[in-house]
*Asks:* 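Can you read through this structure? Questions will come right after.
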2 protein chains.
Amino acid sequence: MVDLKTQEEARLNKALELLHFGFRAITSHPDERLAALGYSRVHHRILYFIGRHPDSSINGLLEVMRVSKQYLHRPLKRLVNDAYVSMRTDPRDRRSKRLKLTAKGARLEASLTGEQRRQLAEAFRRAGPEAEQGWRQVMALIAGEQS
Amino acid sequence: MVDLKTQEEARLNKALELLHFGFRAITSHPDERLAALGYSRVHHRILYFIGRHPDSSINGLLEVMRVSKQYLHRPLKRLVNDAYVSMRTDPRDRRSKRLKLTAKGARLEASLTGEQRRQLAEAFRRAGPEAEQGWRQVMALIAGEQS
DNA sequence: GCGTATAGGTCAACTATATTGACATATTAC
DNA sequence: GTAATATGTCAATATAGTTGACCTATACGC
């Protein structure tokens, strides 16, 4: 009686652990590489979001990243200085600036998330297409449940 | 030509986002509940690990949690004071202490990860057993690849 | 019994990450 | 010309977590 409930709970606990350790395994690699370059996770997030939303303004980037202007400022400035990100005044509204990855920035970003894609692709390859399909379905349902 | 590669990359990017948003969706709930109780994520982690490794010593807990003794001290002390965790001297070695969840602590822990289990169970239920199986396979492969 | 190792407790200083407040400049809109 | 918008920057603060230093109590080897 109790056993059924306990067993089901143990299965779900196992799934929770898989999620935690899987997430950690995927995120730990880039963290180390970034650290080696003297950057931190914010820098990666900035590269990631600019890569996926090119031509964003600063305000636009702030919104998708959900951090404060003051916090974004330093790392973004550094990325611009190091020529990973280009910042150009918008000709139609000279108050705002448009952000893009430079070729150098795109290479770095690709190499960082590239490691993550490699890990995922390897797991998908070994598990097979049906397992991948199931994984995507379940993850989409989890992610879709709003907080 | 390029298209094949780009398409594959986009699929993997999508998977990466699923992982990130899924993880966030699962972890955001308990964070809010904890905050309402005046606790933080460490408190939850302590409850979680003691729940899964009952009768650990302080050192044992430090090892599984991978935090410093000094950092563990305050939140653990508070949890003991608030009667969520019991701390008893080991009779066989009176230097060390054995940690356990009290009934109250077990209830809190169950209610916190219970919300997470509920979310997972709901996703599994909607996706079906085959998708669940695939999800577990893929997650295990991801988690298993050591950093 | 004595010295040493182990388990734990506690204070203080420090780093990293991130936020809020306050204020400045440049540009655009009305 | 005035108000609103976009950005830049300084300073103070909050939170999470670390390291160093030093303390007590107990166990273990001899």
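Chain naming here is simple, since letters A, B, ... match the order of the sequence lines and numbering starts at 1 in each.
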*Asks:* Over how many whole Å does the gap from A:Leu72 atom CG to C:dT17 atom P extend?
*Replies:* 15 Å
*Asks:* Given D:dG8, is OP1 or OP2 found less than 4.0 Å from the side-chain N or O atoms of A:His73?
*Replies:* no
*Asks:* Would you kindly confirm whether A:Phe21 and B:Val67 end up in one hydrophobic cluster when ILVMFWY residues are joined by side chain heavy atoms under 4.5 Å apart?
*Replies:* no
*Asks:* Please determine if A:Lys14 and A:Glu17 form a salt bridge, counting it only when a charged side-chain N lies under 4.0 Å from a carboxylate O.
*Replies:* no
*Asks:* Please list residues of residues 47-54 of chain B whose heavy atoms come under 4.0 Å from any atom in DNA chain D, ordered by number; otherwise none.
*Replies:* none
*Asks:* Rounding to an integer number of Å, can you tell me how far A:Arg98 CZ sits from D:dT7 C1'?
*Replies:* 13 Å
*Asks:* For A:Tyr39, which of A:Leu112, A:Leu47, A:Asp82 qualifies under side-chain contact (heavy atoms from CB on, under 4.5 Å)?
*Replies:* A:Asp82
*Asks:* Calculate, to the nearest 0.5 Å, the distance between atoms CG and CG belonging to A:Leu120 and B:Leu12 respectively.
*Replies:* 6.5 Å
*Asks:* Answer yes or no: is there an ion pair linking A:Arg98 with A:Asp90, defined by an N-O contact shorter than 4.0 Å?
*Replies:* yes
*Asks:* Given atom NZ of B:Lys97 and atom C1' of C:dT6, what is their separation to the nearest angstrom?
*Replies:* 14 Å
*Asks:* Parallel, tilted or perpendicular for B:Phe23 and A:Phe23, by the 30°/60° rule?
*Replies:* parallel
*Asks:* Using heavy atoms and a sub-4.0 Å distance, could you list which residues of residues 55-68 of chain A are near DNA chain D? By number, please.
*Replies:* A:Ser57, A:Ile58, A:Asn59
*Asks:* Rounding to an integer number of Å, can you tell me how far B:Leu76 CG sits from C:dA7 C1'?
*Replies:* 14 Å
*Asks:* Any chance you could measure B:Ile26, atom CD1, to B:Gln119, atom CD, to the nearest 0.5 Å?
*Replies:* 4.5 Å
*Asks:* Provide, to the nearest angstrom, the distance between the CE atom belonging to B:Met87 and the C1' atom belonging to C:dA7.
*Replies:* 12 Å
*Asks:* Atom CG of B:Asp90 and atom C1' of D:dC28: how far apart are they, to the nearest Å?
*Replies:* 16 Å
*Asks:* To the nearest 0.5 Å, what is the distance between CZ (B:Phe124) and CD (A:Glu8)?
*Replies:* 9.5 Å
*Asks:* Mark up nucleotides 21-27 of chain C, 5' to 3', with B wherever a protein heavy atom is under 4.0 angstrom from a base atom, S wherever such an atom reaches only the sugar-phosphate, and - elsewhere.
*Replies:* BB----B
*Asks:* Nearest whole Å is fine: how far is D:dA16 C1' from B:Ile46 CD1?
*Replies:* 13 Å
*Asks:* Atom CG of B:Asn81 to atom C1' of C:dT10: distance rounded to whole Å?
*Replies:* 15 Å
*Asks:* Tell me, please, whether B:Phe49 has B:Arg45 positioned over its six-membered ring: NZ or CZ under 6.0 Å from the ring centre and within 45 degrees of its axis?
*Replies:* no
*Asks:* Hydrogens and angles aside, do B:Glu109 and B:Thr113 bring a side-chain donor and acceptor to less than 3.5 Å of each other?
*Replies:* yes
*Asks:* Assess whether a salt bridge exists between B:Glu122 and B:Arg118, defined as any Lys/Arg side-chain N lying under 4.0 Å from an Asp/Glu carboxylate O.
*Replies:* no
